[in-house]
Amino acid sequence: MKLHIHDTLKREKVEFVPKNPERVTLYVCGPTVYSYAHIGNARPVVVFDVLFRLLRNLYGEAHVVYARNITDVDDKINKAASDQGVDISVITNRFADIYNADMRALGALEPTLQPRVTHNMQAIVRQIQAIMDNGHAYAAEGHVLFDVESYRAYGALSNRSLDDMIAGARVEVAPYKKNPQDFVLWKPSKENEPEWQAPWGAGRPGWHIECSAMIEANLGLPIDIHGGGHDLIFPHHENEIAQGVCAQHSHGVQGHNPAEYARYWMHNGFLNFGTEKMSKSLGNVKLVHEMIKETPGEVLRLALLSAHYRAPLDWNGDLLDQTRARLDGLYGTLRKFADVAVREVVTPAGVLEALCDDLNTPRALAELSALARVLETAETEAARIMAKSDLLAAGLALGILQGDADAWFKAGASEDLTATVEGLLAERAAARAAKNWAESDRIRDALNALNVEVMDGPGGASWKLKVGA
RNA sequence: GGCCUGAUGGCGGAGCGGUUACGCACCGGAUUGCAAAUCCGUGAAGCCCGGUUCGACUCCGGGUCAGGCCUCCA
């Protein structure tokens with residue numbers, strides 16, 4: 001099956017053809033680890049996790065290399081470390097671990113590589129030097145700056161010209177810049193801030209160079225797919241391209257080809273929070289770390305996948321309620337057929353087709369519903385085995401439905417409660433066997449009072465913890 | 001000012017130039033001791049104004065509204 005993706009650079013949906021199908025490379029911009037990740041940060045993680053799963057499906061697990069960096073050098077990190085009087089590694093290690101745990105809770109697979117800036121300082125220095133050697137950067141007052149006018153394709157990704165940008169002119173003006181749009185590759189550290197040695201003076205890397213250098217060092221240029229939030233298109237990704245291309249060779253009179261850096265670009269849309277913006281000043285920042293205490297990570301994940309990744313997604317309580325209800329339905333089906341065997345996992349064609357169409361997760365979800373219905377209505381055991389296998393395989397492609405179905409409904413129930421419920425259920429089973437309906441209903445009322453909902457089935461009663469009670 | 005998205009039924013959200021998306025909620029029926037779950041079914045849409053077309057939610061033009069980027073940002 002052919003994968004088609006929307007390429008930000010070409011601004012259209014194109015067929016994806018990897019440079020080397022034996023080694024498909026994907027890079028997604030990861031977090032700066034100075035604080036907790038919010039739910040908006042999680043959208044690209046979940047979206048590109050689905051892409052990672054799809055690529056592994058199409059090209060084989062061993063043939064996909066997915067890198068998501070950890071940025072552990074940054075002003076905000078410096079500030080946090082200084083405020084707390086600790087080394088930056090104390091901050092970065094702590095929040096990198098929390099970040100990884102939070103993303104795991106959202107069902108994201110671990111990337112193949114998680115390069116860190118501090119571990120790639122030599123590669124960064126090397127790439128900056130290469131850009132300078134190729135005549136695309138210059139040193140000035142301890143800084144190294146990229147010379148945007150030397151790179152003809154600057155603006156190709158974000159569709160803007162240097163003239164437009166000068167018109168906007170909201171860029172930092174500095175006397176040592178040849179052009180206001182020139183951006184920093186290397187800068188001196190302030191006093192008491194960490195610094196690294198470089199030929200043009202001790203200091204630290206600029207914002208954009210880390211990604212292009214880590215990509216070159218860890219994945220090799222060009223990579224196949226580069227992803228991130230669409231706010232990163234400019235300036236971050238635009239600058240990455242300039243760096244990555246110009247690090248490879250001089251571009252005196254030759255054409256400038258952005259594809260020498262990354263062959264396809266994918267960007268996810270933003271989350272909306274009603275009329276309000278999510279911001280620290282409004283105090284409405286939704287941290288994944290906090291949300292997973294209240295809501296199963298799987299619900300958050302599916303909610304993030306409920307709209308197409310490029311579309312804006314309104315994030316609100318209704319969305320979570322509806323997603324929860326949908327997941328309850330799917331897990332309910334799986335619980336009902338818990339005893340049905342599962343055969344080899346092969347992603348159903350309908351789901352694969354939907355995902356191969358620029359990661360159309362809403363359509364994939366529709367396929368999932370159809371598969372659940374097939375399982376519910378299957379008339380033979382063979383059909384049930386096939387249907388259940390399809391449903392689980394479809395879930396795997398999206399990173400959902402892999403948990404124990406019974407446990408899904410009982411999540412949050414203490415051992416004491418479970419014991420109490422099982423006891424009452426045994427009494428009720430006896431009452432029902434004796435057709436003592438009054439006693440049976442009395443026990444059910446008692447269970448309801450415990451926030452437990454009972455469901456009688458042919459194989460006996462099952463129960464679940466009521467949500468939101 | 002420049003660039004870029006989006007506007008679909010009560011809600012979420014896809015595809016498609018002419019035929020049921022799907023999910024959540026609701027309603028009717030089947031089933032159940034009663035419920036729940038499940039199944040079957042009904043109802044419900046395409047911001048506004050033009051244009052193209054035999055026919056447009058779907059293409060084109062204009063408008064309105066909302067959001068994003070241009071500065072740290074998923």
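We name chains A, B, ... by the order of the sequence lines, and we start the count at 1 in each one. Scope of the values below: all heavy atoms of this structure, side chains included, with no hydrogens, waters or symmetry mates.
At the heavy-atom level, A:H236 lies nowhere under 4.0 Å from the strands shown. Heavy atoms of A:G332 sit nowhere under 4.0 angstrom from any nucleic acid atom. Contacts of A:H267 with the nucleic acid, taken as non-hydrogen atoms under 4.0 Å apart, are absent. Contact annotation for A:L271: base contact, defined as any heavy-atom pair under 4.0 Å involving a base atom.
In this structure, A:E381 pairs ionically with A:R384, as a charged nitrogen and a carboxylate oxygen lie closer than 4.0 Å.
Within the shown strands, nothing qualifies as a pairing partner of B:U58 under the Watson-Crick or G-U definition with both distances less than 3.5 Å. For B:A74, there is no paired base (Watson-Crick or G-U wobble, both distances below 3.5 Å). The partner of B:G12 is B:C22, by the rule that a Watson-Crick or G-U pair needs both atom distances under 3.5 Å. The base-pairing partner of B:A36, taking Watson-Crick or G-U wobble contacts with both distances under 3.5 Å, does not exist among the strands shown. B:G6 is paired with B:C65 under the Watson-Crick or G-U wobble criterion, all donor-acceptor distances under 3.5 Å.
To the nearest 0.5 Å, the span separating OG on A:S189 from CD on A:E195 amounts to 5.5 Å. To the nearest 0.5 Å, the span separating NE2 on A:H143 from CG on A:D182 amounts to 12.5 Å.
One donor-acceptor pair, N or O on each side, does fall under 3.5 Å between the base of B:C11 and the side chain of A:Q322.
Nucleotides of RNA chain B nearest to A:K336 and A:A366 differ in position, and the one nearer the 5' end is that of A:A366.
Considering A:H230, A:H267, A:H237, A:H226 in turn, A:H267 is the only one that fulfils the side chain to side chain donor-acceptor pair (under 3.5 Å) rule with A:T8.
In the displayed structure, A:D83 atom CG is contacted under 6.0 Å by more than 12 heavy atoms of other residues, nucleotides or ligands.
Atom C1' of B:U58 sits at a distance of 15 Å from the matching atom of B:G51, rounded to the whole Å.
Residue ring and nucleobase are stacked for A:F270 and B:A74, with a centre distance beneath 5.5 angstrom and an angle between planes beneath 30°.
Regarding contacts with the backbone of B:G23, a side-chain N or O of A:R373 is found under 4.0 angstrom from either OP1 or OP2. For the pair A:N272 and B:G67, the criterion of a side-chain N or O lying under 4.0 Å from OP1 or OP2 is not met.
Cation-pi contact between A:R68 and A:F48: absent, since separation from the ring centre below 6.0 Å together with deviation from the ring axis within 45° is not met. A cation-pi arrangement, defined by a distance under 6.0 Å to the six-membered ring centre and an angle within 45 degrees of its axis, is absent between A:K464 and A:Y331.
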Q: Sugar-phosphate means primed atoms, P, OP1 and OP2; the rest is base. With that split, encode nucleotides 31-36 of chain B 5' to 3' as B, S or - using protein heavy atoms under 4.0 Å.
A: --BBBB

